[in-house]
A.B. asks: 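Pasting in a structure now, in structure tokens, and then I'll have a few things to ask.
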Amino acid sequence: MAAPESFGRYDYVIAGGGTAGCVLANRLSQDPRIRVLLLEAGGRETYPWIHIPVGYLYCMNNPRTDWMMRTDAEPGLNGRSLNYPRGRVLGGCTAINGMIYMRGQAADYDHWRQLGNAGWGWDDVLPWFRKSEDNFRGASDLHGAGGEWKVARQRLRWDILEAFRDAAEEIGIPRRDDFNDGDNEGSGFFEVNQRNGVRWTAAKAFLRPARQRPNLRVITGALVTAITIDGGRATGVRYRLHGEERQAAADAEVLLTAGAINSPKLLELSGIGDPDVLRGHGIAVRHALPGVGRNLQDHLQIRTVFRVIGARTLNQLANSRFGKMNMALEYALRRSGPLSMAPSQLGIFSRSDETVATPDLEYHVQPLSTDKLGDPLHPFPAVTVSVCNLRPESRGTCHIRSLDPGEQPAIRLNYLSADRDREVALKAVRQVRRLAGADALRRYAPEEILPGPAVSDDADMLAAIGNIATTIFHPVGTCRMGNRDDAVVDERLRVRGVGGLRVVDASIMPTITSGNTASPVVMIAEKAAEMIRSGNAPAS
């Protein structure tokens, strides 16, 4: 077999043009002496529905913008296999996600530090959240202004959601104006990564301003197939472009930014991982790291649905020709209205019981409903009240299926396998029912459709949850950071035992954050860029 064609030498080769890859490409190429190559297997973000916020409905499960992955059959979900969307364009999942700006809780990061990850406590990471932020509130001790990552208020209002907020207050959940000050307990309207009613992706924020720099090269359609290693050090990558095998050399480091699903896959294809997994596929062990592909975590959302009366919801608008015309006109003229909406508007963070120190439940309350994600909206007015366990104890795995770098790995989440997760799921549905039964909602007469009022005892409820629960698209943890035997990277995100190689994405999280995960990945990449530059400063 002929050697792959050389594609030149760079200081840094970034494998993956998603959220973290776009941040790193920007920050590292700010120094004109540093040569950076960014490789993205997907395409450019030219599909119009990427940019219209409600277009996530047309971007997920669309091969143009989504890798169309699926989980293995999940025993905890009654044997169902779930669609598992992952962004297939520059900007990665920020091109198809819910746009919610959420940092998580201060306790999440303090826990990372307590696990032995120096420099990752809340006080350590807050400056890196602020660095790239452009918050509508302006600059403060908690928020940044003028950065690349736009944070805006949503540009529409629903009376039914205001009533749900009143209901939350009625059952003891306070109102909160800012979910991102380190304590997100309460109810409020999610802030979003948008600019003037248009989706704001990591590619727009970080890559677009850097594209004209002569020291940055961006190649799309480039599927990285392996990391090259010589003498225990990463020296570059191999990749496939237009059916041809190529390679690029990295004089300083290879930066793996392929995400919690594909980063462990690339490590395994390169001979880095659990020896049993590697040998099972006939791969020579270049470096044994048993933790690769383990510790997979995700937020499982339980989608309860309530039919209502006397309320305006998206169901009526989207099922009416006149409603569709009005929505299109409102967005065209003012960049507002339902076409500008994120999948979720109202958020509620609460505790499943009094023993929990900080909120462990997150609600996404939506003025719309379907039988399941991807189905048509119901023909009657209804609201979806999704609730997820923010700190699941269930752990899964993500390992290669074959030697084909184009084949998705085996994604096994093991949802609801932990006793505590089943307990929290039951408590979550009971809390939802308390919420829906509050006096503040009486005028809308909420009628439970899913899981349904006939479902009452624990066994029936767990079975019903297994039928209606689904991912909220937050996989993390498969290349965990730490100093334990199962850790893959150290606190500087260097792959343990391999020189010149780092992982910078959601896979490094030792435990999942208490909220949506896109902006924590931006923070991780900001912090990583500084660690990389300070440790590998070029000669003057």
Side-chain angles (χ1 to χ4, degrees), residues 45-60 65 91 94-102 133-138 143 145 147-166 175-180 187-205 208 308 310-348 363-370 377-378 381-384 386 444 516 518-519:
E45 49 169 0
T46 55
Y47 187 48
W49 279 115
I50 290 174
H51 310 288
I52 301 171
V54 82
Y56 73 92
L57 292 168
Y58 309 104
C59 291
M60 290 184 179
T65 48
T94 62
I96 67 172
N97 71 0
M99 296 163 281
I100 292 173
Y101 179 71
M102 186 64 58
E133 188 180 9
D134 187 17
N135 195 290
F136 67 91
R137 293 181 175 85
H143 292 290
E148 295 87 351
W149 200 225
K150 307 293 184 184
V151 180
R153 288 191 177 101
Q154 297 198 54
R155 300 164 70 91
L156 71 169
R157 181 182 180 279
W158 302 88
D159 289 342
I160 186 68
L161 297 187
E162 298 284 354
F164 264 92
R165 197 177 187 196
D166 292 340
R175 292 172 177 258
R176 174 168 288 277
D177 293 329
D178 186 358
F179 283 138
N180 293 295
S187 72
F189 292 96
F190 289 121
E191 294 157 12
V192 290
N193 295 122
Q194 292 182 10
R195 181 182 182 185
N196 298 327
V198 176
R199 176 189 288 272
W200 195 247
T201 71
K204 289 180 183 177
R208 184 180 291 174
V308 294
R312 172 178 171 266
T313 74
L314 189 62
N315 289 10
Q316 300 103 292
L317 298 176
N319 285 311
S320 155
R321 180 178 298 178
F322 182 71
K324 289 177 181 176
M325 290 175 58
N326 274 348
M327 288 192 294
L329 186 62
E330 184 175 5
Y331 189 75
L333 295 177
R334 296 195 293 270
R335 292 291 185 265
S336 63
L339 293 189
S340 73
M341 71 186 244
S344 300
Q345 291 81 56
L346 179 65
I348 302 172
Y363 290 72
H364 293 76
V365 188
Q366 307 163 312
L368 54 87
S369 67
T370 64
L377 297 180
H378 288 141
V383 175
T384 297
S386 289
Y444 296 113
N516 309 71
S519 291

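Everything quoted here is computed from the prediction, not taken from an experiment.
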A.B. asks: Donor-acceptor pair, distance only, cut-off 3.5 Å: does the side chain of Arg199 make one with the backbone of Asn97?
C.D. replies: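 Confirmed, Arg199 side chain pairs with Asn97 backbone.
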A.B. asks: Got Arg137 and Glu191 here, is their nearest side-chain heavy-atom distance under 4.5 Å?
C.D. replies: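 Contact flag for Arg137/Glu191 side chains = yes.
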A.B. asks: When rounded to the nearest 0.5 angstrom, what distance separates CG in Leu161 from OG in Ser187?
C.D. replies: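 Reported value, rounded in 0.5 Å steps: 11.0 Å.
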A.B. asks: How far apart are the C-alpha atoms of His378 and Asn319, what are their side-chain angles, what is the distance that settles it, and do they pass the side chain to side chain contact (heavy atoms under 4.5 Å, CB included) test?
C.D. replies: CA-CA 8 Å; His378 288 141; Asn319 285 311; over 6 Å; no
A.B. asks: Phe179 and Tyr101: side chain to side chain contact (heavy atoms under 4.5 Å, CB included), yes or no, with the steps?
C.D. replies: CA-CA 9 Å; Phe179 283 138; Tyr101 179 71; over 6 Å; no
A.B. asks: Taking it one step at a time, do Trp49 and Val54 satisfy side chain to side chain contact (heavy atoms under 4.5 Å, CB included)?
C.D. replies: CA-CA 8 Å; Trp49 279 115; Val54 82; 4.1 Å; yes
A.B. asks: Take atom CZ of Arg153 as the centre, draw a 6.0 Å sphere, and report whether it contains more than 12 heavy atoms from other residues, nucleotides or ligands.
C.D. replies: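 No.
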A.B. asks: Looking at side-chain heavy atoms only, is the closest gap between Pro338 and Glu330 below 4.5 Å?
C.D. replies: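 Side-chain contact under 4.5 Å: yes.
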A.B. asks: Which pair of non-hydrogen atoms, one from Gly347 and one from Phe190, has the smallest distance, and what is that distance?
C.D. replies: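 That closest heavy-atom pairing would be CA-CZ, 3.2 Å.
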A.B. asks: Taking CZ in Arg176 as the centre, count heavy atoms belonging to other residues, nucleotides or ligands within less than 6.0 Å. Is the count above 12?
C.D. replies: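 Correct, the count exceeds 12.
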A.B. asks: Any heavy-atom pair between the side chains of Ser320 and Met325 that's under 4.5 Å?
C.D. replies: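 A side-chain contact under 4.5 Å is absent here.
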A.B. asks: Return the minimal non-hydrogen interatomic distance between Ala342 and Val192, and the atom names on each side.
C.D. replies: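 Result for this residue pair: CB-CG1, 3.8 Å.
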A.B. asks: So, taking the atom named CG in Leu339 and the one named CG in Leu57, what distance separates them when rounded to the nearest 0.5 Å?
C.D. replies: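 So the gap between those two atoms works out to 10.0 Å.
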A.B. asks: Please give me the minimum heavy-atom distance between Ser344 and Ile100, naming the atom from each residue.
C.D. replies: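 Where Ser344 meets Ile100 most closely, the heavy atoms are CB-CD1, 4.1 Å.
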A.B. asks: Is it the case that over 12 heavy atoms from other parts of the model lie below 6.0 angstrom from the OH atom of Tyr58?
C.D. replies: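 For Tyr58, atom OH is not crowded (no more than 12 foreign heavy atoms under 6.0 Å).
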A.B. asks: Testing the basics here: between Ile50 and Thr201, what is the closest heavy-atom pair and its distance to 0.1 Å?
C.D. replies: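 Nearest heavy atoms, Ile50 then Thr201: CG2-CG2, 4.3 Å.
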A.B. asks: Search all heavy atoms of Gly91 against all heavy atoms of Thr94 and return the closest pair with its distance.
C.D. replies: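 In this case the closest contact between Gly91 and Thr94 is O-OG1, 2.5 Å.
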A.B. asks: Do Pro53 and Met341 have side chains that approach each other closer than 4.5 Å (heavy atoms only, starting at C-beta)?
C.D. replies: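 Counting from C-beta outward, Pro53 and Met341 never come under 4.5 Å.
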A.B. asks: Can any side-chain N or O of Asn193 pair as donor or acceptor with the backbone N or O of Lys150 at less than 3.5 Å?
C.D. replies: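 Checking the backbone N and O of Lys150 against the side chain of Asn193, a donor-acceptor pair under 3.5 Å is found.
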A.B. asks: Under the criterion side chain to side chain donor-acceptor pair (under 3.5 Å), which of His51, Glu45, Glu148 is the partner of Lys204?
C.D. replies: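 By the side chain to side chain donor-acceptor pair (under 3.5 Å) criterion, Lys204 pairs with just one of His51, Glu45, Glu148: His51.
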A.B. asks: Within the side chain of Arg335, is there an N or O that forms a donor-acceptor pair under 3.5 Å with the backbone of Val198?
C.D. replies: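 No: the side chain of Arg335 does not pair with the backbone of Val198.
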A.B. asks: Please assess Phe136 against His143 for the test side chain to side chain contact (heavy atoms under 4.5 Å, CB included), listing each intermediate value before the final yes or no.
C.D. replies: CA-CA 9 Å; Phe136 67 91; His143 292 290; over 6 Å; no
A.B. asks: So, taking the atom named CZ in Arg321 and the one named CG in Asn326, what distance separates them when rounded to the nearest 0.5 Å?
C.D. replies: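 One finds 13.5 Å between CZ of Arg321 and CG of Asn326.
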A.B. asks: So, Gln154 side chain and Ser340 main chain: donor-acceptor pair closer than 3.5 Å or not?
C.D. replies: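 No, Gln154 side chain to Ser340 backbone: no donor-acceptor pair under 3.5 Å.
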A.B. asks: When you compare the side chain of Val365 with that of Trp158, does any pair of heavy atoms fall below 4.5 Å?
C.D. replies: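 Sidechains of Val365 and Trp158: no contact.
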A.B. asks: Do the side chains of Asn180 and Met102 get nearer than 4.5 Å, heavy atoms only?
C.D. replies: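 Yes, side chains in contact.
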A.B. asks: So which heavy atom on Ile96 is nearest to which on Met60, and how close?
C.D. replies: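 Heavy atoms only, the tightest pair is O-CE, 3.3 Å.
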A.B. asks: Does NZ or CZ of Arg334 fall inside the cone over Tyr331's six-membered ring, less than 6.0 Å from its centre and within 45° of the axis?
C.D. replies: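 The answer is no, since Arg334 fails at least one limit relative to Tyr331.
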A.B. asks: Under the 3.5 angstrom rule, does the side chain of Thr384 hit a backbone N or O of Leu368 as a donor-acceptor pair?
C.D. replies: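 Looks like yes, one N/O pair under 3.5 Å.
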A.B. asks: Using a 4.5 Å cut-off on heavy atoms from C-beta on, say whether the side chain of Leu346 contacts that of Tyr363.
C.D. replies: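 In short, these two side chains do not touch, never coming nearer than 4.5 Å.
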A.B. asks: Are Leu314 and Gln366 side-chain neighbours, meaning at least one heavy-atom pair lies under 4.5 Å?
C.D. replies: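 Counting from C-beta outward, Leu314 and Gln366 never come under 4.5 Å.
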